[in-house]
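Lettering follows sequence order; numbering is per chain, from 1.
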Protein chains: 2
Amino acid sequence: MKLTTKGRYAVTAMLDLALHDTDGPITLADIARRQDISLYYLEQLFTKLRKHGLVESSRGPGGGYRLAILASDITVARVIYSVDESIDVTRCGGQQNCQGELRCLTHDLWMELNRHVSEFLNKITLAEIIQRHMVRQVSKRQELLVSQIQLADINLRMKSSAP
Amino acid sequence: MKLTTKGRYAVTAMLDLALHDTDGPITLADIARRQDISLYYLEQLFTKLRKHGLVESSRGPGGGYRLAILASDITVARVIYSVDESIDVTRCGGQQNCQGELRCLTHDLWMELNRHVSEFLNKITLAEIIQRHMVRQVSKRQELLVSQIQLADINLRMKSSAP
DNA sequence: TAATACTTGACTAAATTAGTCTGTTATGTA
DNA sequence: TACATAACAGACTAATTTAGTCAAGTATTA
């Protein structure tokens with residue numbers, strides 16, 4: 001299966017967006033700070049997510065991204081698919097041409113694994129993750145941390161500009 | 001998850017070995033021919049499989065590899081693990097240090113997916129695959145194909161060595 | 001008009017994978 | 001004993017992928 005940090009970052013960022021969706025448009029800079037992801041990298045990912053209709057953007061000051069559809073309609077599979085092409089574990093993509101033009105010995109095995117993984121990722125939505133997991137605690141911690149850093153940053157600037 | 005052709009090749013080769021285990025030691029050259037895998041590459045994989053106790057080898061003419069344990073005791077997970085380090089989908093390997101020293105927002109999600117995949121791959125053995133899937137038909141086709149090629153090869157040599 | 005924030009697309013570095021090659025050692029057979 | 005076979009070991013390379021960076025825009029709001 002093709003599950004790299006790209007897909008993981010995308011899901012993480014989308015989850016962040018879902019958690020803060022009520023606060024109006026969220027900038028990528030915010031997400032980058034909170035989730036420790038390069039802003040440049042996020043830009044790449046969100047271009048794809050937008051093209052796949054998962055988020056919508058607004059430019060200019062006060063702008064940012066919001067979910068384009070309900071968090072309960074966004075499955076993890078959809079997010080990964082949007083940035084990562086596929087969640088396929090076979091070599092042939094189900095085409096049965098894994099050995100020359102024919103199916104290889106393990107074709108059925110990988111297809112079956114595919115079904116399992118797809119089922120799991122297609123079933124679970126962002127909304128469910130937020131409810132089910134310890135996501136909210138983690139999120140709180142992240143917000144706290146970011147605001148502390150910003151506070152420290154302000155203090156630092158005041159000191160350095162002071163004398 | 002780290003599921004590359006390396007892991008797939010290993011499972012395929014082990015399945016080939018399991019299918020032909022009654023024929024005495026099987027050479028890697030045979031497996032290479034039947035499964036379209038580079039002999040050199042197979043050598044690498046089987047070194048690891050041997051070190052993990054899945055196969056045993058005998059050298060010299062008539063030598064080759066055999067399963068070191070019952071096919072019903074060899075799970076796919078074990079094979080993949082032997083050549084491929086892990087079937088882990090998380091970044092932190094369950095260590096919860098995916099964001100700095102703490103767990104990232106999606107930690108639980110990947111852990112859950114991990115459980116699903118591991119459960120599937122840990123449950124299914126080579127023996128089961130042989131029984132369940134269309135493996136035997138595919139295997140027959142492969143043997144037939146190889147013997148045809150060998151036959152054609154012999155014909156070719158006879159022609160070329162004839163004046 | 002100035003600052004903000006998305007948009008586009010090219011570019012690079014690092015890591016991983018897949019595959020190749022050279023040579024060595026052990027063993028059965030003629 | 002010589003020879004062929006086949007495993008064993010490990011270095012090496014090429015190709016691909018991934019992760020990340022950057023520069024130059026455009027649109028929007030205050």
Side-chain angles (χ1 to χ4, degrees), chain A residues 1-13 17 20 23-33 35-52 54-68 80 83-89 91 98 104, chain B residues 1-13 17 20 23-33 35-52 54-68 80 83-89 91 98 104:
Chain A
M1 182 175 53
K2 206 164 149 195
L3 183 48
T4 62
T5 56
K6 195 198 275 185
R8 281 198 283 263
Y9 278 169
V11 175
T12 302
L17 200 55
H20 297 90
D23 308 351
I26 306 295
T27 68
L28 293 187
D30 280 343
I31 299 178
R33 258 193 301 276
Q35 305 305 332
D36 269 331
I37 305 174
S38 148
L39 173 60
Y40 296 127
Y41 204 42
L42 278 179
E43 286 177 349
Q44 275 185 24
L45 300 180
F46 273 78
T47 300
K48 293 183 180 176
L49 292 169
R50 188 174 53 86
K51 283 178 180 161
H52 281 86
L54 296 188
V55 298
E56 53 194 17
S57 61
S58 51
R59 293 178 161 199
Y65 284 97
R66 332 194 46 159
L67 297 184
I80 294 177
V83 297
D84 216 15
E85 283 110 50
S86 84
I87 49 170
D88 189 37
V89 299
R91 184 154 58 142
C98 9
C104 71
Chain B
M1 184 174 50
K2 207 164 149 196
L3 184 47
T4 63
T5 56
K6 195 197 276 184
R8 282 197 284 263
Y9 278 169
V11 175
T12 301
L17 199 57
H20 297 90
D23 308 353
I26 306 296
T27 68
L28 293 187
D30 281 342
I31 298 178
R33 258 193 301 276
Q35 305 305 333
D36 270 332
I37 305 175
S38 150
L39 173 60
Y40 296 127
Y41 204 40
L42 277 180
E43 286 178 347
Q44 277 183 23
L45 300 180
F46 273 77
T47 299
K48 293 183 180 177
L49 292 168
R50 188 175 50 86
K51 283 179 180 162
H52 281 85
L54 297 187
V55 298
E56 53 194 16
S57 61
S58 51
R59 293 177 160 200
Y65 285 95
R66 330 194 49 161
L67 297 184
I80 294 177
V83 298
D84 218 14
E85 283 110 52
S86 84
I87 50 170
D88 189 36
V89 299
R91 184 154 56 141
C98 9
C104 71

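- Between S38(B) and dA18(C) there is no side-chain polar atom (N or O) within less than 4.0 angstrom of OP1 or OP2.
- Taking side-chain N and O atoms only, Y40(A) has no distance below 4.0 Å to OP1 or OP2 of dG20(D).
- As rounded to whole Å, 15 Å separates atom C1' of dG20(D) from atom CG of D36(A).
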List, with names and distances, any nitrogen or oxygen atoms from the protein found under 3.5 Å away from nitrogen or oxygen atoms belonging to nucleotides 27-30 of chain C.
none

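- Rounded to whole angstrom, the span from the CD1 atom of I80(B) across to the P atom of dT17(C) amounts to 13 Å.
- The phosphate of dG19(C) (OP1 or OP2) has a side-chain N or O of Y9(B) nearer than 4.0 angstrom.
- Scored by the side chain to side chain contact (heavy atoms under 4.5 Å, CB included) test, E43(A) finds L28(A), L39(A), Y40(A) as partners (sequence neighbours excluded).
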Residues I31(B), I26(B); criterion side chain to side chain contact (heavy atoms under 4.5 Å, CB included); working and verdict
CA-CA 8 Å; I31(B) 298 178; I26(B) 306 296; 3.9 Å; yes
Please assess K6(B) against K48(B) for the test side chain to side chain contact (heavy atoms under 4.5 Å, CB included), listing each intermediate value before the final yes or no.
CA-CA 12 Å; K6(B) 195 197 276 184; K48(B) 293 183 180 177; 3.9 Å; yes
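- Between the CD atom of E56(A) and the C1' atom of dA5(C) there is a distance of 16 Å, rounded to whole Å.
- The side chain of Y41(A) contributes an N or O atom lying less than 4.0 Å from OP1 or OP2 of dA19(D).
- For Q44(A), counting side-chain heavy atoms from C-beta on, the closest listed nucleotide (dC6(C), dC8(D), dA10(C)) is dA10(C).
- Whole-Å rounding puts the K48(A) NZ to dT8(C) P distance at 13 Å.
- In the set dT8(C), dC6(C), dC8(D), the nucleotide with an atom closest to the side chain of Y65(B) is dC8(D).
- Taking atom NZ on K51(B) and atom P on dG10(D), their separation rounds to 6 Å, with Å as the unit.
- Evaluation of the side chain to side chain donor-acceptor pair (under 3.5 Å) rule for S57(A) yields no partner, not counting sequence neighbours.
- Of the possible polar contacts, one joining the T27(A) side chain to the D30(A) backbone as a donor-acceptor pair under 3.5 Å is found.
- Remark: R50(A) is in phosphate contact with dT8(C), judged by side-chain N or O atoms under 4.0 Å from OP1 or OP2.
- In this structure, I37(B) places its CD1 atom 17 Å from P of dT17(C), rounding to the nearest Å.
- OP1 and OP2 of dA5(C) both lie 4.0 Å or more from every side-chain N or O belonging to S57(A).
- Rounded to an integer number of Å, the gap from CD1 of I26(A) to C1' of dC6(C) is 15 Å.
- Between the C1' atom of dA7(D) and the CG atom of D30(B) lies a distance of 14 Å, rounded to the nearest Å.
- The structure places CG of L17(B) at 12.5 Å from OG1 of T12(B), a figure rounded to the nearest 0.5 Å.
- At least one side-chain nitrogen or oxygen of T4(A) sits closer than 4.0 Å to the OP1 or OP2 atom of dA19(D).
- Picking from dC6(C), dC8(D), dT17(C) the nucleotide with the shortest atom distance to the side chain of T5(B) gives dT17(C).
- Among dA9(D), dT8(C), dA5(C), the nucleotide with an atom closest to any side-chain atom of E43(B) is dA9(D).
- Side chains of T47(A) and K51(A) form a contact here, defined as non-hydrogen atoms less than 4.5 Å apart.
- A tilted orientation is assigned to the rings of F46(A) and Y65(A), their planes being inclined by 30° to 60°.
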